[in-house]
Every structure is written in C-alpha cells, then in structure tokens.
Amino acid sequence: MTHITRRVFLKTSAIMGGAVTLSAFPYVSRLALGQSPIKWGSLHPFTGAYASEAIDQRAGVEIALEEINAEGGVLGRKVEGVFRDTEFNPAATKRKAVELLENEKVDFIGGSLVGFEEIALNELACKHGFIYANYPQHILSFKGKLCKYFFTANLTPFQLATAAGRFAAKQGWGKRWHMLGDNYSWPQMALRGYEKVAKEMGADWTGVTWAPFPTQDYSSQIPKIQAVRPDVLFVTNFGADQVGFVKQAREFGLTKQMRISITNTEVTVAEAVGKGGFEGIHAGMPWYWEEQSNPRAKKFVDAFMKKRNRAPMAYSGTAYTLVRLILDTANEIKSLDKDKLVRALEGKKFTYLKGEEQVRGCDHAVITDIYYTVGKPASAMKGQFDFFTVVQKLSGEELLESCESQGWDPKKPASAQS
Amino acid sequence: MFLGYPAEIWVLQLFIGLVNGCVFILMALGLSIIFGLMGIINFGHGIFYMMGAYAGYTTYVTTGSFWLALLVAPLVCGLVGAAIERGLLRKIYTAKNPLFSGVLVTYGLSILVPDLIRLLYGRPGKPFPIPEYLKQGFFKIGRTEIGEYRIFVLAVTALLVPCLWYVLNRTNLGMIIRAGSTDNLMVQALGINVSRIWTFTFGFGIALAAFAGAVAAPLFAVVPEMGAAILIQNFIVVVVGGMGSFAGAIVGGLLVGQVLSLTSLVYDVLGDVIIYVLMAAVLLVRPRGLFGQEGVFEK
C-alpha cells in the first residue's frame, strides 16, 4: 500500500483543483498557459499624402483592440496589433503584408487608405487566403476582382457619388453638373456614380476635369472648370490635395460661382484648410464625430480624444467598426476559421457607431448611412473641431451598385460564387 | 479658340504659369547658388521649403503678422542651414567622392526632417491662410478672379531677383562667392576665410528656399510632405537652366512653370511628362544646361 503523506495530498489536491477550476474558465486557462496572442496586422500609409489620416486611422484600430482585450479578448486570447507603414506605395504594401504573414504570423490583415494599396492587399488575400479588413472605401467592383476574404465597413465612392447627386438634385442647385477629380481609381469610380445619378436626375453632365495625382495645385484646372460654367461641381480628391483645392477654390472665386460638393472629406482636411475654410462647401462622410446619438459612438469619441487629443476622423471610426465586427463575429461563432468567419459575416447586421448597418452578402459592400455635411463659418464653430453641420443622412441599398451590374448573383453570397 | 479653349483661358494659364514659375525661381536660385559655389547637389532643398512654410505658419500664428512670418522663416531656416553646413556637410568636403557624399547626406536629411516636423507639429496639415489685406480679387481674366496674393508673389519675385543679382554681381561679397565657385584655393590664398563664406552661402541658399515656402504656404497645403514634389521640379529647373547659373534658374523656372500650366489644358499629366522630355532634350543637346557654366556636367 502506498503511503500518502499530508504534503503529497495537499500538492496533488492543489494541482487537481487548479486544473478543474481553470478548465471551467477557458479564458483564464489559456492566458495562464501562456497561449500566444491573436495578431492583427495593420497597414497604413504613414508616409505620403495621406499620412495625417493614417495615424488617426491606426488610433481607431488600437481603440477597438483595447476594448476587445478589456472584454476578455477573442476566444480567451489577447489580440495584439502589429502595425506597418505602406509607404504610400503598392509594392511596399505587398512586401509589408507578406512580412506580416510570414514573419509575424498574423491571423488577420487590415489596412490601406488608398485604392492601389487596397487592390494589392485584396490580391494577396486571395492568393494567401487570409481575412482582409479593408479600412477605406472600396473600389473593387471597378478595379480588380473582389476576393471572398475581403470585408469593409466603409462606403464605396459610387455610394457617395450617388448620395451627393441625389442631394444636389433635391436641393435644386441647378442642372449643369461637372466633376473635378484626381486621376486615379477612387475618383474614376466616383465618376461612374456621378454619371449614373446625373442621368437618373435628368442633369446635364458636362464631364470631368482631371488633375494629376497627387497634386496640391489646382490653379491650372480651375480656369478649365470655370470655362464649363457648371452649376454644381463635384470634387473627388482627398488629404493634402483637397486642402490645396479648397484654398484655391476660394482664392479664384469658384465658391461664388457654383455649388461645390466634395465627395468625401475629413476633419483633418478642414483643420489644415483653417477655420471657416469650408464655409458653404458641402461634403460627404462615412461618419461624423459629432453625431453621437449612439452611446457607443460617444464612448469611442471619448477614447479617441483621450488617446489623440483631437476629434476622430470618419476613417478612424470605420477602421474601429471593422476590427470590432470581425473579431466580435469570431467570438460569436467561437472560431477563427477563415471560411466559417466569411460565411458568418456575409449578410451580417451590426451596430457600432452609426445606426444599423449590414454586410451585403453578394459583394461584401456595406449598406449604411452616408452623412452629408456643410462647412460652418468660423464664427459658428463651437470648438476646435466643430467644422461641419450634418444636413442629411442618406441610406439604403439603392445607393450601391447592384450586384448584377458587377457580375455577381444577388441571391448568392460572394463566397458561394466563383 | 485653340484646342477647344478660348484665348482668355490660354492667357490665364500663361499668368498662372508665371506665378508658379516665380516660386520655382525663388527655390531654384538657392539650389543653384549652393551647387555653383559648393558643388553640393542639395537633395534636402525641398525640406527647407517645407520648413519655411512651417516657420512662417508658427510666426503668423504667434504674432499675427504675415510680414514678420516672411522675415522670420528665411532667417530661422537660414541659421539651421548654416548649422547643418558646419556640423554635417563640412565633414564631407574632404571625402573621396564629395559630390556623392553630399547627395547621400542631404537625401538623409530629406527623410529625417519631415519626421521631426511630424513629431513637433503633428501629422495633420497646418492652416496658413492668405492675409486679409491680400485676399481680394485684383483683376479678372474671363470668369477667373486673380487675387491680390498672386500679384504679390509676382511683385516679390520681381523685386528680389534684381536685388540678388546685384548682391552676387556688384558687391564684394558676391565677388567672393563667385570667385570661390571658380577657384576656392586662390580665394583662400588671398586671405579670405572661405569656410565662413561657404557656411554663409549654404545658409543663404536655404533661406531662399524657406522664403519660397513661406510665400507659397497660403496657396497650398502646409504639410510635412510638401517639399518632396517641388524638389523634383526644381531639379529639372536647374538642370534645364544650367547648374550654378543665376540666369538659368530664372529662365528654367519660368519655362517649367509655363510648360506645367499650358500642357494641363491638353491632358492633366502631360506636363509631368513634358518637363522630363524637356530636361532630356537639353541634356542631350547642351549637357551644361541653357545657361550653364562651360565644363559643368559636360564631362
């Protein structure tokens, strides 16, 4: 008979008791067993024309990861963000993404702020089979074949253009419409939306004036636009380019001659133009920080203010939403399996910073609100970042390109289509 | 009508090209002076243009005076430039290949300094508006209002260029700078402290870039990246005009300004192609540039 001492009994009981307790709480047990964290690779253009927007976008991702970790992580594991600079260059974007996959062994990749980065990452997602969280607006119905692993919480330029066109028609701003755009894929896709909505609304579409991309000097384009004499000018550019345009539009008297409607703007752009610089100029946004009717939005804005000491951009909000959407879904289905996640995300309805949104199954576009704003005069601003007033929220699937027009079967989820 | 545009649009583009050419001239003069005297191809010239805009912005926000901003920006940046010449560039004059070392050091600066500015000022651009008293329309060409500020840029360049020419060609200081660029050993033998002249010249060239940045800031976005694009265009200006040539910087600046402005009426990115074609053509036919010193870039 084996003799069990008191010491052996106590040790064995402690070990067994600990094991039973830990197995009942998977989160604790995994952390205690030193399970490696889930890695969220995130690529942003920290250098280049959109650098200021990129750093705020990163902050949105960080807040989402901090919240998720505070709530217990994903499947009981901590989520770690691994950030890289895309250098505003598609080749560097691909190189860094591959480095994240091969060296850092990331589980997800989120990223980009500009179309060429998005196209590069979408291609890689198909090739390597990873979930790609696309933070900016997506243009894949226009350039490139959408990968089933591609998800976004942002708009498409087509959606924004359709919303802006409908708003202009509703306001009765005039029938002659024209577009100024930087000559690359994002504005090219917006053009497709403007041409379509102009036809729908019976407007006289006078074409487009292209500017080289990137550029901060529109002094050569503005006289060409004035020669066309449009009633409404839709402007599709972003970042430092948009700052240059708004300054020069005012300088050359364009704001007095026609309505200016910017397809998409951001708080950072208005800040660089200066107080009152956007006065009377209309602009679309995926979300605006002062709209805090949703309590979660208020929490996010407060966290962002604390982190960055400034108001969040819409792109911070959409990056936050997308990270939460994907990782919360992983928690819901209790799996990190990419194909299971794709199926769970297709058609999923969710509410984070805005009202209810939905991932459209057939092409992974998002049915969501578009915020239509107008710039405030300097005298009406109540705070440092109070640049805009939201004049309308436009929503609905009808603002999106139809799945049929993109060659998708509207009845099937994208993952079930070739 | 020509190529679908009325005469007034072409006149307007000529005027816009002229104003943009003025900014090129101010920057290219600094670049050209630095190369002419010191043989340094300053790849960091764009960052001093950007620093000028930021220094101008800071002065404008702090004091509310646009005129003070135009004064402080070149002064501060000129001093920074002089310090860089003393602390960094001086070490490469005796290197095996000073031209190559100069390119590397100044290129390194062009990567480092924008990040320092981002650390100091944050990433979003800074608002530097046109001052109220220069905001009104001055005249109209067709439907386009030409603002007082564009006239101001023209006037400032028109005043500054002859003053610079006078300093370089009619004063003792200018004579020493020019002599130093031809044979600095001989100048040294005459008892002149060439090293001090080099520091001054580098600082002076940088001050011109900073002045261009402060003058251009109200027209464009003030962002840390603003120096990168204009730097390439300025290299084209000095290569076309002639490295180290005063007249070359002026003619090259005006030429590139007009090419970019006029070709945009035909096709948006045509100007970016044509300026390289122009540079290649000049290099093939006359490698020293239109007004370049004989022997420079011809070996």
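A note on names: the letters A, B, ... follow the listed sequences, proteins ahead of strands, and every chain is numbered from 1. Just the heavy atoms: all of them, side chains too, but no hydrogens, waters or symmetry mates, feed the values below.
Looking at B/A216, there are no atoms closer than 4.5 Å to chain A (heavy atoms on both sides), in backbone or side chain. For A/K275, no part lies near chain B; criterion is any non-hydrogen pair under 4.5 Å. Looking at B/P114, there are no atoms closer than 4.5 Å to chain A (heavy atoms on both sides), in backbone or side chain. If you measure heavy-atom distances from A/F46 to chain B, the contacts under 4.5 Å come from both the backbone and the side chain. With a 4.5 Å cut-off on non-hydrogen atoms, B/I9 touches chain A through its side chain but not through its backbone. Using a 4.5 Å cut-off between heavy atoms, A/R229 contacts chain B through both its backbone and its side chain. With a 4.5 angstrom heavy-atom cutoff, B/Y149 does not touch chain A via any of its atoms.
In this structure a side-chain-to-backbone donor-acceptor pair under 3.5 Å is missing from A/Q216 to B/F220. Between the side chain of A/K224 and the backbone N or O of B/S264 there is at least one donor-acceptor pair closer than 3.5 Å. Without hydrogens or angle criteria, A/K247 side chain to B/L219 main chain gives no donor-acceptor distance under 3.5 Å.
Taking 4.0 Å as the cut-off between side-chain N and carboxylate O, A/E251 and B/K135 do not count as a salt-bridged pair. The existence of a salt bridge linking A/E271 and B/K126 is excluded, since no basic side-chain nitrogen approaches an acidic carboxylate oxygen closer than 4.0 Å.
In terms of non-hydrogen atom pairs under 4.5 Å with chain B, the most contact-rich of A/Q221, A/Q257, A/K256, A/Q242 is A/Q257. By number of non-hydrogen pairs under 4.5 angstrom with chain A, the leading residue of B/L265, B/I146, B/L262, B/L260 is B/L265. Ranking A/I55, A/I222, A/V246, A/T268 against chain B, the residue ahead of the rest is A/I55, based on heavy-atom pairs under 4.5 Å. The most heavy-atom pairs under 4.5 Å with chain A, out of B/G125, B/A221, B/P129, come from B/A221. Top candidate by heavy-atom pairs under 4.5 Å with chain B, chosen from A/G277, A/P223, A/G274, A/A227, is A/P223. Of the listed residues (A/D217, A/N183, A/T215), the greatest number of heavy-atom pairs within a distance under 4.5 Å of chain B belongs to A/D217.
Crowding of B/F139 atom CZ: a count of heavy atoms from other residues, nucleotides or ligands under 6.0 Å exceeding 12.
Rounded to the nearest 0.5 angstrom, A/I225 CD1 and B/R143 CZ are separated by 11.5 Å. Between the OG atom of A/S219 and the CZ atom of B/R150 there is a distance of 5.0 Å, given to the nearest 0.5 Å. Between atom CZ of residue A/F252 and atom CD1 of residue B/I16 there is a gap of 4.5 Å, rounded to the nearest 0.5 Å. Separating the CZ atom in B/R118 from the OG1 atom in A/T47 is a distance of 7.0 Å, to the nearest 0.5 Å. Between the CG atom in B/N20 and the OG atom in A/S220 there is a gap of 6.5 Å [rounded to 0.5 Å]. Remark: B/K140 NZ to A/Q226 CD distance equals 8.5 Å, nearest 0.5 Å.
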Trace of the side-chain contact (heavy atoms from CB on, under 4.5 Å) decision for B/V269 with A/W210: CA-CA 9 Å; B/V269 291; A/W210 291 117; over 6 Å; no

